[in-house]
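Order of appearance sets the numbers: ligands from 1, and atoms from 1 within every ligand.
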Amino acid sequence: MAGIIRPHMLLSKHYARAFSALNSQIHTSCGLASKDHYKVLVLGGGSGGIAMAARIKRKVGAENVAIVEPSEMHYYQPIWTLVGAGAKSVASSGRPTASVIPSGVKWVKSKVAEFDPENNTVRTDSGKKISYDYLIVALGLELHYEKIKGLTEGFKHPKIGSNYSLQTVEKTWDALKNFKEGNALFTFPNTPVKCAGAPQKIMYLSDAFLRKTGKRSKANIFFNTSLPVLFGVKKYADALWEIVKKRDLNVNLRQNLIEVRVDEQEAVFENLDKPGETNVIKYEMLHVTPPMGPPAVLKGSSLDDAAGWLDIHKHTLQHKKYANVFGIGDCTNLPTSKTAAAVAAQSSVLDRTVSRILKKQTPDKMYDGYTSCPLVTSYNTVILAEFDYDGQPLETFPVDQSKESRIMYHMKADVMPHLYWHGLLKGVWGGPGPYRTMMHLGMK
Ligand SMILES: Cc1cc2nc3c(=O)[nH]c(=O)nc-3n(C[C@H](O)[C@H](O)[C@H](O)COP(=O)(O)OP(=O)(O)OC[C@H]3O[C@@H](n4cnc5c(N)ncnc54)[C@H](O)[C@@H]3O)c2cc1C
């Protein structure tokens, strides 16, 4: 095996010096565990925040960890794709936050309102200051339905839904169930999104539902996307293009939804390649994937990058300026697709990074951008896309995962929720990396 360069070697070679300079800035207050001070403070109790609290409490003791999270309920968002298509109930997607906070970890039921990394402190919306030795930021992203003219009002009417929020996901199923005749429209916004496959998964499910109920001949189906491609990774995009052709689905690239006219049942799109040109399409059903952006509290803070996302190192997940600040998940500027699967892989790297830094050692484990998207193509098939920072497929199973598969549907609908609640959130599921190596007999 001589001559093979492994990721950790690259890391030590290129980054060790930079990290030792950064890490020498960390001043901790060793053991100062009062009510408003925690050794490790986690912001956000979603997928990444809970997973990291569960992992870190094993290193520093539960009483030294706190999570700031305002919501009473925690949701497994990936299942909303199936809720919108009537295949799962919305109730099955949520559990009380209290039940997922790792035992012994303090839950601060507030929103973080301000960062002060120079003084290792945050302020909550109730005015309370909390200080920390180490900070893990896991705030997710924000949905911006309000950026589409007429949409907020539009949700009060039938025929419009969105799988992206708890409040609107069941409206998708209502619109689909009550579809009579006309255009079914599915959109993809001109911003980064979480789970970039979800905007089209609901199109395939709607197509399957309309076929099953004998209404498909009365429907024209459109996927209007701001992107110049159907999917970012060629291997899976090629497979999806075959499916859209076979099922008579219309894909319009570089079309960005800007307005919904509810009374006329019209959606207005701007042509991103021809500024000033708009296209109006009538709809009988409209599924909107909203514009998304970084949490408002991050934007303009000293922790963000130029676009407002948390500015962290793409391999170690350590903040680029503040050595005792780390990030995970959708709120970060990691250049990979924002998914819970990515969060799982990041959690095991970040666990290692923080452990090393606690011991005053240089981080040595590299996140390769692993992310995954189970592209649901019907009520019993899935294409399981898995890939890295370079858009290279990183498939777990020794089969061609770009082929539609019933087993992968079962994985998505039944196995992955279980892995989420009992693996990721307990801090014991760090993604399929080790299994991939086993399945490929150590070759990948
Ligand atoms: C329809 C849909 C389908 C999806 N499908 C898949 C899929 O098939 N596979 C997959 O892997 N992923 C999928 N995802 C994406 C996945 O759910 C997210 O990528 C993942 O949950 C991100 O985790 P996170 O911790 O970064 O953010 P989140 O889990 O969203 O958590 C962020 C948390 O921060 C809290 N918060 C926000 N602001 C503040 C504040 N100011 N102070 C304190 N707390 C705050 C929020 O309340 C929330 O609990 C899907 C998502 C959706 C919506």
Yes or no: does [X] have any heavy atom under 4.0 Å from an atom of ligand 1?
X	answer
Leu43	no
Pro295	no
Lys412	yes

Only heavy atoms of [X], strictly under 4.0 Å: list the atoms of ligand 1 that pass.
X	result
Lys338	19 (O)
Ala138	32 (C), 33 (C), 34 (O)
Gly329	26 (O)
Pro70	43 (C), 44 (N), 45 (C)
Val68	43 (C), 44 (N)

From Leu286 atom CG to His157 atom NE2, the distance as rounded to the nearest 0.5 Å: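 Atom-to-atom, Leu286:CG and His157:NE2 are 13.0 Å apart.
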
Which residue supplies the protein heavy atom nearest to [atom], what is that atom called, and how far is it?
atom	result
atom 24 (P) of ligand 1	Gly48 N, 4.0 Å
atom 31 (O) of ligand 1	Gly46 CA, 3.2 Å
atom 50 (C) of ligand 1	Cys195 CB, 3.5 Å
atom 18 (C) of ligand 1	Asp330 OD2, 3.4 Å
atom 16 (C) of ligand 1	Ala340 N, 3.6 Å
atom 45 (C) of ligand 1	Leu139 CD2, 3.5 Å
atom 53 (C) of ligand 1	Tyr164 CD2, 3.5 Å
atom 29 (O) of ligand 1	Ser47 N, 3.1 Å

Name of the residue among Arg356, Lys59, Lys365, Lys57 meeting salt bridge (charged side-chain N to carboxylate O under 4.0 Å, His left out) with Asp351: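 Exactly one option meets the salt bridge (charged side-chain N to carboxylate O under 4.0 Å, His left out) with Asp351, and it is Lys59.
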
Exceeds 12 heavy-atom contacts within 6.0 angstrom, atom CZ of Arg406: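 Atom CZ in Arg406 is not packed in, count stays at 12 or less.
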
Taking [Y]'s backbone N and O only, do any of them form a donor-acceptor pair with [X]'s side chain (distance below 3.5 Å, no angle check)?
X	Y	answer
His74	Gly45	yes
Arg436	Met439	no
Asp304	Gly300	yes

Has ligand 1 got any nitrogen or oxygen that is less than 3.5 angstrom from a nitrogen or oxygen of [X]?
X	result
Glu69	yes
Val297	no
Val112	yes
Gln77	yes
Ala341	yes
Thr81	no

Centroid-centroid under 6.0 Å between Phe155 and Tyr145 rings: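 Yes, they do, as the ring centres are separated by less than 6.0 Å.
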
Within-4.5 Å side-chain heavy-atom neighbours: Phe222 and Asn252: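 Heavy-atom side-chain distance check passes, below 4.5 Å.
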
Non-hydrogen side-chain atoms of Tyr389 and Thr371 separated by less than 4.5 Å: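 Side-chain contact under 4.5 Å: no.
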
Side-chain donor-acceptor pair present, His37, Asp133, cut-off under 3.5 Å: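 A donor-acceptor contact under 3.5 Å links the two side chains.
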
Lys201 contact mode with ligand 1 (heavy-atom cut-off under 4.0 Å):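 Side chain only; the backbone of Lys201 stays clear of ligand 1.
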
Thr339 contact mode with ligand 1 (heavy-atom cut-off under 4.0 Å):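 Within the 4.0 Å criterion, Thr339 contacts ligand 1 through backbone and side-chain atoms alike.
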
Candidates Val105, Val40, Val42, Leu350 - the one meeting side chain to side chain contact (heavy atoms under 4.5 Å, CB included) with Ile56: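 Going through Val105, Val40, Val42, Leu350 one by one, the side chain to side chain contact (heavy atoms under 4.5 Å, CB included) with Ile56 is satisfied by Val40 alone.
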
Minimal non-hydrogen separation, Lys215 against Leu176, with atom names: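 The answer is NZ-O, 4.4 Å.
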
Mutual orientation of the aromatic rings belonging to Phe223 and Phe188 [parallel < 30°, tilted 30-60°, perpendicular > 60°]: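 Aromatic pair Phe223/Phe188 classed perpendicular.
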
Parallel, tilted or perpendicular: rings of Tyr420 and Tyr76 (30°, 60°):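 The arrangement is tilted - the two ring planes meet at 30° to 60°.
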
